[in-house]
Each structure stands twice: as structure tokens, then as C-alpha cells.
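Structure first, commentary second.
Just the heavy atoms: all of them, side chains too, but no hydrogens, waters or symmetry mates, feed the values below.
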Amino acid sequence: MANSCVGLFLFFALFLSHGIVELEASHHVYRNLQTVQSAASTDQPYRTGFHFQPPKNWINDPNGVMVYKGLYHLFYQYNPKGAVWGNIVWAHSTSKDLVNWTPHEPAIFPSQPSDINGCWSGSSTILPGGKPAMLYTGIDTKNSQVQNLAVPKNLSDPYLREWVKSPKNPLMQPTAQNQINASSFRDPTTAWLGPDKKWRVIIGSKIDRQGLVILYKSKDFVNWVQAPMPLHSAKDTGMWECPDFYPVPVSGKNGVDTSLNGPYVKHVLKISLDDTKHDLYTIGSYDSLKDIYIPDKGSVENDSGLRYDYGKYYASKTFLDSIKNRRILCGWLNESSSVADDIKKGWAGVHAIPRQVWLDKSGKQLIQWPVVEIQKLRTNHVSLPSRLLKGGSVVEVSGVTASQADVDISFKISDFEKAEVLNPSWTNPQLLCSQKGASVKGGVGPFGLLVLASKGLTENTAVFFRIFKGQNKYVVLMCSDQSRSSLNQANDKTTYGAFLDVDPLHQSLSLRSLIDHSIVESFGGGGKACMSARVYPTLAINNAAHLYVFNNGSEAVEISKLNAWSMKKAIIN
């Protein structure tokens, strides 16, 4: 054992300084952990066709997503023993296109005292020389949350199939001196280099109800020192999970390296609120000398602020795609079904379609859009000519597989006379959408799509717009209404909503929805507002699903464009 420890110390010293080293490591890939077969139902109407999910069992957060030797690597939280959370390891798949995925053996699993009770979320960092390194949260023998390091065993392997852990783990841990809560210290980010050439990383935490991200610095990526102050904090927000911190150019759609700073970039701090399971973000500036993040004036740092997605979307992570020079966002879509139903079907959790993210021209929010590669799955194109959609109309879109489709539609409004007046107290868009759902007749709207709909509309999920007359402008409300999505009352059928920063007087209202059996991912205003829903129809499944355009307002609206495609099945093993 002594020789093995000496060998590991030597391996890490050489890895961090030179490169490829062949060594028989003491931590191998998933040799003895036995997978327990789930009693999965053979009837699987809710399994997706083109979203990422393994054949069975539970998944949650995407972890160290990265590019290495021309391949996309997705690491994610996985329970190899069942369809509920627990026994967490880092599963691993690779892809050439972010659409089709090849699985590999899990990369990181419990094997050291510092992670023996679980290998939780973390992030990848590409070190000088193109060498990947993973910082991740381990649950140690005392059930404390500590931070660990793992690196590839063989850098010449493009699939990175074996990983070794640092013999110095844990590298960061709670102590009586640093006053870190041992149960609230998790999810290290991708690291970045400061002007002093030291690495920096932040870790989610809380002190009472104050959420914060703790900053650590290191010269060598192994020995980390806690900074005197957190990078940022906010009162009464609770635990900050899965933080992400990265720069975006002030103009254009390109991605930039995580270490870049200066006048031509803004910084994004994203946190996952443990209390509400929402991913929030602010846009601001990073003072690299003081090591503090300063949100732009007017930023809202609570659940009423900017969100990546106003639906079922959590624990997201971005990475720089060096192949196409863009920043890509990956996120987890949890189930809205009961635990009993999850166990019956033998799986739980899927990942959203990866999204490219960039700063809106206003500088006030991000734009998100499905990666262009997903379009290679399109087939059976259907389009509708421009037409007027009168109040009370429901028009079926035929010719596409409505249970597995990509739909892109735009509306124009020419008459706003009948728009409802926006009550100044209506500040919560989700509440407003739940009170004024698709079945509630309005003035200008609701109009939009009825997806995963049964014949006769007993079941449907409605994604729509409704326009209100504000004090100085017209206000656009975007909703995803799941209240009639299923006859199964055991499902969570929460309605989602957001105000959309689009001027309907001068701009068309665009809506794109990716429909995939139990998923409806919708993008309003060209990606200004996103909503992901998990739905489980009992009638509108497979070939019995239908797609409609509707207008339940009293004012007519124009369909200026509609394109729809059936989506081929992605290869995800």
C-alpha cells in the first residue's frame, strides 16, 4: 500500500506538470459495484426519443461537461441501483454532435474515505497542455461534504475511460476554523485563472438563510486556500447549489474562455436555489483584484429574478465548446410523476437539449437556443401559409409525428384594442398563468400551441401568449399550462409563466417547442424566455397525440410563420 501511495503522488506531480503517465492506479473504474436491475415496465410511452437519458435508473445533474480530443464528454449523477436518488456515481457518455451518445463505464465512484458515501456534483477544468481535471464533492466517512480531485489515467485515450483520484483528497473541507457548514458545502465550479496566475474556484454554501459561494485559490490545483471573503452572497436565499460563473462577450454569440475578463465581457453568476429548485442568474462584473462579483444595478437576487428556465429545469452547467467557439448550457429535467410511477417505469430524470447561450443585445439577460445539431433529426417538414387565426379557433397541424416533433411558429398582432389592462398587483407571472390558463378567454390571447393533445382535447399541454395593456407599453405573458396534460391526477401539473421582454407593437411573437413524449421544451421570443415541462398523458401518447394552433382570445391574430417537423430518434444507448 505504501508503494501504491508513493506511485499516486508521483503520478499527480507528473500529470500536473508534464502530461501522459501510465500507472496502475489504486482506484479503478467501477469494477465491483453491481447494478441492480429495475423492474421496468415494458410499456414505455414516456421515454424520450431525442433527449439524453440512459436505458434505466435515476439521473440528475450534468457534471464535468467538456470537449476533449474532438469529443463531447458528458458526466452526470447516476444511481446504478434504481429509479430513485441514492448510490450516486459519475456516469459518463461521449458524443461527436451533442445529439447521439455512446455510454462508457462510470468515471468516478465511491472508493476513498473522502467520497465513500457518494460522489456528488462537480465540474471539469482544462489545465495548461489540454489536460482535464475534475473537482467534485464527496461525502466522507462522517457524512461531511468535502472537495476532491480526479484526473484521467491516460491522456492519449480520447474517451477518457479511466480516472484516478488524488492521494491528497480531500483538498477542501469544513473545519472549525473556516466555519463552513459540513452539510452545506458542495458543487465546485469550473476553475479560472486570475491575474496573479492562481486558480480560483467557487463552492456553493449558506450561513443560516444567507446563500453564498465560497472562493478558494491555488497555485498548483492541489493545495487550495480559502479566500477571506466569498465571491458573492445574498440574504434570505437559502442554500446555493451547483453554482456556475463564466464570462460572456458584450456583443456576438461566441463563447469565451472561463478565465477571460475585461471591458469586452460581462460575467454571469448562476445559482441553483435548493429551497425552490430553480436556476437563477444575474449579469454583472468581476473585480479580479478584489475577487468579488458585482451584479448590475437593478438585478433581482431571489426567486423573482432571471431564470434559465421557468419550468422544470435545475442543476445546470455550462462549458466552452472549443470545437465551435460557443458556450453550451446543459440542464436536468426532473420528473413530475410520482415516485411510485417512476419505480414502475424503471427510470427517472432526463437532460434538456443542450442550449447555446449568449448575451442579449440589451445586455440585461441571456438568450438560449437549442444547439443547431438537433436539426439533423428533423424530417417530414410541414408548413402553414400565413393566415388569420380568429378568436375561438383551433387548427390542427397534420403530417408530423405530434409526440416527437419540433415546432416553430410566429404570430403578429395588429389590433390591441381588446387587450386586458394589467393590474399593477399582477407581478407574479406563474400565478397569473395559473389564474388565466389556456381555457380562460381573454382579449388578445391566449393564443399559441396545444401539444401532446388528445382528439377532443380532453388532454393537452398549452404553450401560449397573452397580451396585457400596461402603463406605458403592452406586456407579453408567456405560459406553459399543464393543468390538462394528463388524466392521471398523481402528477405535478403546475403551470409555469414568465413575462417576455418583446414589444408586440413592433415585433412578432415567436414560439418554438421541442416535443418528446413526456417533455415539452419551449422557447419564447427567440430564446428570451424558456419553459420546460414534464407531462404524462394517458390518451395523447405515441400516434394518438395531436398538435394544434389555437386562439382563445376575442381578438384575431395572424400566424405569420409555422414550420413543424417530425423528429427522428437519436442514438442514445
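- Between Arg200 and Asp291 there is a salt bridge, with a side-chain nitrogen of the basic residue lying less than 4.0 Å from a carboxylate oxygen of the acidic one.
- Between His73 and His92, the side chains place a donor N or O and an acceptor N or O closer than 3.5 Å (distance only, hydrogens not considered).
- Contacts of Lys253 classified as salt bridge (charged side-chain N to carboxylate O under 4.0 Å, His left out), with partners at least two apart in sequence or in another chain: none.
- A distance of 8.0 Å separates NE2 in His278 from CG in Leu280, rounded to the nearest 0.5 Å.
- With hydrogens and angles disregarded, a donor-acceptor distance shorter than 3.5 Å links the side chain of Ser259 to the backbone of Leu193.
- A distance below 6.0 Å separates the ring centres of Trp85 and Trp120.
- Judged purely by distance below 3.5 Å, without hydrogens or angles, the side chains of Thr237 and Asn302 never pair a donor atom with an acceptor atom.
- If you take NZ on Lys165 and CE on Met134, they are separated by 13.0 Å, rounding to the nearest 0.5 Å.
- Legend: residues meeting side-chain contact (heavy atoms from CB on, under 4.5 Å) with Asp236, ordered by chain and number and at least two apart, are Arg209.
- In this structure the side chain of Glu162 never reaches within 4.5 angstrom of the side chain of Asn154, judged on heavy atoms.
- In summary, the side chains of Gln482 and Thr495 do not present any donor paired with an acceptor at a separation below 3.5 Å, with no hydrogens or angles considered.
- Atom CG of Leu477 and atom CH2 of Trp426 lie 10.0 Å apart (nearest 0.5 Å).
- The side chain to side chain donor-acceptor pair (under 3.5 Å) test applied to Tyr536 returns Glu335, not counting sequence neighbours.
- In this model, a donor atom of one side chain and an acceptor atom of the other lie less than 3.5 Å apart for Asp115 and Tyr136.
- Under the rule for a side-chain contact (heavy atoms from CB on, under 4.5 Å), the partners of Ile126 that lie at least two apart in sequence or sit in another chain are Met66, Pro132.
- Asp342 has its side chain out of reach of Trp347: every pair of non-hydrogen atoms, C-beta onward, lies at least 4.5 Å apart.
- Defined by atom type and a distance below 3.5 Å, a donor-acceptor pair is present between the side-chain atoms of Trp58 and Asn60.
- Between Phe75 and Trp163, the distance separating the two ring centers is shorter than 6.0 angstrom.
- Of the possible donor and acceptor atoms, one in the side chain of Asp244 sits under 3.5 Å from a partner among the backbone N and O of Thr318.
- In summary, the side chains of His104 and Ser93 do not present any donor paired with an acceptor at a separation below 3.5 Å, with no hydrogens or angles considered.
- Nearest heavy atoms, Val65 versus Pro62: CG2-CB, 4.1 Å.
- A donor-acceptor pair shorter than 3.5 Å can be found between the side chains of Asn169 and Gln112.
- With sequence neighbours excluded, the residues satisfying salt bridge (charged side-chain N to carboxylate O under 4.0 Å, His left out) with Asp157 are Arg161.
- Residues Lys317 and Thr189 have side chains that never bring a donor and an acceptor to within less than 3.5 angstrom of each other.
- For Cys479, the disulfide bond (SG atoms under 2.5 Å apart) criterion is met by Cys433, not counting sequence neighbours.
- In summary, the side chains of Ser218 and Asn223 do not present any donor paired with an acceptor at a separation below 3.5 Å, with no hydrogens or angles considered.
- Taking each heavy atom of Leu212 and Lys206 in turn, the nearest pair found is CD2-CA, 3.4 Å.
- Nearest heavy-atom pair, Lys153 versus Val164, reported as atom, atom and distance to 0.1 Å: CB-CG1, 4.2 Å.
- A donor atom on one side chain and an acceptor atom on the other are not found under 3.5 Å apart for Tyr46 and Asp341.
- Side-chain contact, Lys270 with Ser272: a donor N or O sits under 3.5 Å from an acceptor N or O.
- Evaluation of the salt bridge (charged side-chain N to carboxylate O under 4.0 Å, His left out) rule for Arg307 yields no partner, not counting sequence neighbours.
- A search for side chain to side chain donor-acceptor pair (under 3.5 Å) contacts involving Ser124 returns nothing, not counting sequence neighbours.
- The list of ring-ring contact (aromatic ring centres under 6.0 Å, His included) pairs with a residue in residues 250-270, not counting sequence neighbours, reads Phe245-His267, His267-Tyr286.
- We find the OG-CD distance between Ser121 and Glu241 to be 8.0 Å, quoted to the nearest 0.5 Å.
- Counted by atom type alone, Thr276 and Asp303 present one or more donor-acceptor pairs between their side chains at under 3.5 Å.
- For Lys142, the side-chain contact (heavy atoms from CB on, under 4.5 Å) criterion is met by Asp140, Ser144, not counting sequence neighbours.
- Remark: Lys277 NZ is packed, more than 12 non-hydrogen atoms of other residues, nucleotides or ligands lying under 6.0 Å away.
- Under 3.5 Å, the side chains of Arg186 and Gln145 contain a donor-acceptor pair of N or O atoms.
- Checking side-chain atoms of Ser205 against main-chain N and O of Ser184 turns up a donor-acceptor pair under 3.5 Å.
- The ring-ring contact (aromatic ring centres under 6.0 Å, His included) contacts involving residues 303-328 comprise Tyr281-Tyr308, where partners must be two or more places apart or lie in separate chains.
- The shortest heavy-atom contact between Ile328 and Pro354 is CG2-CB, 3.7 Å.
- Qualifying side-chain contact (heavy atoms from CB on, under 4.5 Å) partners for Leu359, counting only residues two or more places apart in sequence or in other chains: Val248, Lys266, Ile283, Leu366.
- Taking a cutoff of 4.0 Å between a charged side-chain nitrogen and a carboxylate oxygen, Glu521 and Lys312 do not qualify as a salt bridge.
- Checking side-chain atoms of Lys217 against main-chain N and O of Val225 turns up no donor-acceptor pair under 3.5 Å.
- Taking the centre of each ring, Phe52 and Trp101 come in below the 6.0 Å mark.
- Annotation: side chain of Ser336 is not in contact with side chain of Lys493 (no heavy-atom distance under 4.5 Å).
- Looking at Asp516, its side chain never comes within 3.5 Å of a backbone N or O of Ile519 through a donor-acceptor pair.
- Among Trp199, Tyr216, Trp192, the one residue that satisfies the ring-ring contact (aromatic ring centres under 6.0 Å, His included) test with Phe221 is Trp199.
- Checking side-chain atoms of Asp360 against main-chain N and O of Gly363 turns up no donor-acceptor pair under 3.5 Å.
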